[in-house]
Peer 1: 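Here it is, the structure in full.
We use all heavy atoms of the structure for the numbers below, so side chains are in, but hydrogens, waters and symmetry mates are not. Please read all numbers here as calculations on a predicted model, not as lab measurements.
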Amino acid sequence: MSPTEPEGIRRQSTTRRRRTVRLRTLLIWLAVVPTVAMGTQVTVTAQRLLAQSEKLRSDVAAAEQVGAPLYTLMVDMQAERTATAARWAGSDNSEGELRVRREATDLAAAEFRRLAVDPSRSFSEVTRQLEKLAEYRQRADARIGAADSTLAYYSEVIGKVIQVYQQEFSHAEDAELAQASRPVVSMLQATEMVAREDTVLALAGPSGELTFVGYDQFVSALGAQRYLHEALIVPHLTARDQRFYDRVVGSADWQTKTRIESAVLSGHKDIVTGIKLPAEVGGWSSAHANFSVQMTTLNIDLARSVLARGEAKAGELQTEVAWLIGGSAGGLLAVVVVVFFTTRSVLRRLNDLHERTVTVAEETLPDVVARLQRGQSVDPDALPAVTGDRDEVGRISDAFARAVEVSVDGHRRLAAERHGFGLFASGIASRTGNLVSRQLSLTEDLQDTFGHDEALLAELMRADQLTVGMRRQIENLLILAGGEVPDPHTEPMRVADLLREAAAEVEDFRRIERQALDETSVEPSAISQISHLLAELLDNATRFSPPKSKVVIRAELVTDGLSVEIEDRGPRVSPERYEEMNGRLHEAPPYSVLAQNAHRLGLFVVGHLADQLGATVTLRRSVYGGTSAVVILPRQLLVASDPQAPREIEPQPRVLELLPAPTRAPAASVSSEPAVREAAAEPAPATEPAPEPEPVVHTSAGLPSRRAKAPVAVATAVSAPAPALVPVPVPAARPALPERVPQTHIAEQLREPRAQESVVRPDTATPEEVADAWADYEQGTQTVEEELRRDQP
């Protein structure tokens with residue numbers, strides 16, 4: 001067979017393929033990222049609100065637990081300070097009053113120490129100052145130092161208490177609660193300023209005299225408490241607290257307090273040691289005792305109002321956190337649901353588009369292309385249509401539909417062009433075939449005319465054989481163009497005759513050995529195609545094997561039908577090359593592959609013929625190292641033959657055998673059996689009866705005539721087939737055509753039957769003849785190798 005070198009290994013692509021992300025993953029990430037961000041924000045906000053609520057509840061709990069004892073401690077410290085000042089000034093009954101106030105202060109301090117155990121709060125400053133209380137009491141009792149330094153200690157402790165209220169219970173992180181707690185702290189500071197005024201007046205004692213420092217302290221305290229009331233307390237009171245405050249400041253006791261303060265400011269007298277207070281200060285103690293209780297009640301109400309607001313605010317914050325978490329969870333659930341259904345919808349549409357695309361690409365489009373290649377019409381409804389959808393998936397679908405439409409239009413134009421080219425090639429092949437047929441007829445006429453000249457007759461027979469090869473190449477063109485070779489046979493043909501007819505198409509037919517059974521025939525509609533297929537394989541086998549080697553063709557029945565094997569002794573072919581050639585034989589290759597391998601048309605013709613016949617052609621390595629071609633013809637192409645029936649071959653203009661036959665029969669020996677004889681060089685099969693000669697009509701030159709004539713029945717029998725061009729009877733529906741028989745133009749002297757040799761004579765070839773034969777073999781091998789190199793792509 002025609003071998004080529006296996007194709008080289010393709011280079012592996014060095015371009016690294018970029019990894020793509022699935023659309024489902026992108027959609028999921030598109031939902032996950034905002035969801036995570038939203039969840040994180042909700043979590044942070046919820047934690048902040050919960051921390052604020054927890055802080056409010058902690059402050060409310062601390063205020064309820066520690067605030068009351070702390071306020072009691074502040075009030076008791078103020079009373080003890082006033083009693084200490086009176087004791088220092090030498091007022092009557094001041095010693096008993098001081099003892100009572102100290103006992104009350106000790107109880108309040110003990111209660112405060114018991115409850116103020118939270119290390120995270122600023123209660124430790126007050127506790128640390130209370131540890132110095134005993135020391136300053138001893139100094140007061142012994143009157144060590146100045147009275148102002150001792151009284152300043154009490155003021156410092158009370159200031160720490162007010163600072164604790166301001167730090168712990170002012171709720172600076174919440175503007176509303178900070179606004180509500182501001183009057184409470186200011187009220188405590190104003191109460192402290194009034195208590196300092198009471199201390200300063202108590203320090204004046206029965207004499208009613210103050211030092212300049214004491215008078216300055218009174219004036220400073222008076223100014224501070226009036227500022228606090230006017231600027232920081234009254235503007236921030238609620239309506240309810242404002243009404244209570246108005247009742248307090250409108251009371252007679254508060255009016256007495258205000259009158260005494262004005263009298264001290266305007267009615268005092270300067271003396272050498274200090275300031276002499278007016279007589280109105282005598283009513284201060286009773287008035288202070290009355291309005292201080294009312295102010296304490298107001299302070300407690302304000303503190304409780306702030307605590308209630310803090311508790312309510314903490315509850316609101318928890319409710320807000322609950323709504324935030326619930327709303328966020330609902331929103332996240334809605335996002336998940338929307339993303340799920342959106343992703344599902346998009347992926348479903350994309351999956352539908354993918355399935356439609358795959359169906360069109362793998363089923364519809366190949367079927368449409370196949371129908372166009374066969375010249376059939378295509379239903380437009382079978383192709384995807386443009387819907388005009390404006391969304392992305394619809395636009396992709398429309399783009400694919402337009403691509404399919406353009407592809408189908410291109411295949412339609414290509415099919416039309418190929419069909420037109422096929423008609424053009426078929427027309428040229430038909431006209432050229434007519435010329436070749438006329439050339440064969442002319443050659444036959446020349447053979448009849450100049451048959452007496454053996455040298456010229458040999459050249460004419462050579463020209464005849466080349467013309468037959470030209471006709472086969474023209475038929476190849478017709479087959480590859482999509483046409484069919486006309487088959488004139490009307491009767492089945494025996495397999496042996498079919499092999500002979502195929503071998504007659506080969507230029508070097510003398511090297512072909514045929515081994516065929518005679519009880520099987522081939523359907524007449526497939527004779528020309530099978531003969532052409534086998535002729536191509538035989539021609540390939542003779543061309544690619546050594547010049548003097550034999551090519552064997554044998555046929556036998558097998559399970560699947562008829563097996564025809566052609567075996568040569570050509571060069572070795574690689575397994576990869578066998579696989580490639582078998583692939584082309586088992587499936588007719590497209591014309592694009594044919595165009596790239598125009599120098600190897602034989603396999604393409606065989607592939608097309610095998611596809612038309614439903615046959616299988618397989619190439620493999622033979623036991624001799626060459627190539628063996630196995631053709632399996634299906635059973636539906638075979639018919640059983642009658643062993644007793646005469647062997648007939650339908651007349652046809654396309655088979656001209658030129659097989660050698662060294663035997664001849666007398667010119668007068670004719671028979672009524674019209675048949676074509678095999679070469680006498682091949683022994684007849686043992687099971688095949690000896691055929692009878694055909695009637696021969698000679699020309700004036702003594703050569704057998706090629707004109708078709710009716711057979712004449714003669715009773716005389718002969719022992720050898722007559723070498724003649726035998727006229728074959730033709731049905732009335734068709735004109736008679738000549739049939740060429742091998743060795744019919746041989747000289748009369750060579751037609752005598754040759755006696756069989758009983759013994760094998762030794763080879764008498766001289767060394768020179770052996771050398772010439774070996775040179776011929778080497779020359780043939782080199783010729784084959786050169787042709788193989790030319791065939792390589």
Side-chain angles (χ1 to χ4, degrees), residues 12-61 120 171-178 310-365 383-407:
Q12 296 182 355
S13 177
T14 58
T15 303
R16 187 173 183 179
R17 187 176 180 180
R18 182 177 298 175
R19 184 177 181 183
T20 57
V21 183
R22 298 180 60 187
L23 180 59
R24 182 193 299 272
T25 305
L26 291 177
L27 291 175
I28 291 176
W29 275 108
L30 188 62
V32 166
V33 172
T35 301
V36 171
M38 182 178 177
T40 303
Q41 182 179 3
V42 169
T43 302
V44 172
T45 305
Q47 288 179 351
R48 181 178 60 81
L49 294 177
L50 288 175
Q52 186 177 354
S53 175
E54 185 66 24
K55 179 66 167 55
L56 287 175
R57 292 187 181 279
S58 176
D59 290 345
V60 170
S120 63
H171 308 288
E173 69 277 359
D174 189 277
E176 182 180 355
L177 290 177
E311 184 69 26
K313 187 65 176 179
E316 291 177 2
L317 291 176
Q318 288 186 345
T319 304
E320 184 178 354
V321 170
W323 278 106
L324 178 63
I325 295 176
S328 301
L332 294 178
L333 180 61
V335 169
V336 171
V337 171
V338 170
V339 170
F340 173 77
F341 284 103
T342 302
T343 304
R344 182 179 179 183
S345 176
V346 172
L347 293 180
R348 183 175 63 249
R349 295 187 62 190
L350 291 177
N351 186 56
D352 294 341
L353 177 61
H354 174 263
E355 291 180 355
R356 292 198 304 270
T357 303
V358 171
T359 302
V360 171
E362 295 183 354
E363 299 179 7
T364 305
L365 197 56
L383 300 176
V386 177
T387 60
D389 293 339
R390 302 307 302 169
D391 64 326
E392 287 74 9
V393 179
R395 292 171 64 184
I396 295 174
S397 178
D398 290 348
F400 176 72
R402 293 189 185 96
V404 171
E405 181 180 359
V406 172
S407 177

Peer 1: What pairs with Glu355 under side chain to side chain donor-acceptor pair (under 3.5 Å), at least two apart in sequence or on another chain?
Peer 2: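 So Glu355 forms a side chain to side chain donor-acceptor pair (under 3.5 Å) with Asn351.
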
Peer 1: Would you compute the distance between atom CD of Glu316 and atom CH2 of Trp323 and round it to the nearest 0.5 angstrom?
Peer 2: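 Answer rounded to 0.5 Å: 14.5 Å.
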
Peer 1: Could you report the tightest heavy-atom contact between Ser53 and Leu317, atom names first, then the distance?
Peer 2: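 Looks like N-CD1, 3.5 Å.
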
Peer 1: Below 3.5 Å, can you tabulate the donor-acceptor pairs from side chains in residues 326-348 to any protein atom, sequence neighbours excluded?
Peer 2:
unit_1 : atom_1 : unit_2 : atom_2 : d
Ser328 : OG     : Leu324 : O      : 2.6
Thr342 : OG1    : Val338 : O      : 2.6
Thr343 : OG1    : Val339 : O      : 2.6

Peer 1: What distance do Thr359 atom OG1 and Asp352 atom CG have between them, rounded to the nearest 0.5 Å?
Peer 2: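 Separation between the atoms: 10.5 Å.
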
Peer 1: Name all residues meeting the side chain to side chain donor-acceptor pair (under 3.5 Å) criterion together with Arg48; count only those two or more places apart in sequence or in a different chain, and write none if there are none.
Peer 2: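 With neighbours one apart ignored, the set is empty.
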
Peer 1: Give, for atom OG1 of Thr45 and atom CD of Gln47, the distance between the pair rounded to the nearest 0.5 Å.
Peer 2: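 It comes to 9.5 Å.
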
Peer 1: For a quick test of reading the model, state the closest non-hydrogen atom pair linking Arg356 to Ser397 and the distance between them.
Peer 2: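 It is NH2-OG, 3.7 Å.
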
Peer 1: For the pair Ser407 (side chain) and Ala403 (backbone), establish whether a donor and an acceptor sit closer than 3.5 Å, ignoring hydrogens and angles.
Peer 2: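 A pair under 3.5 Å: no.
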
Peer 1: Find the distance between CG (Leu365) and OG1 (Thr357) and round it off to the nearest 0.5 Å.
Peer 2: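 Reported value, rounded in 0.5 Å steps: 11.5 Å.
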
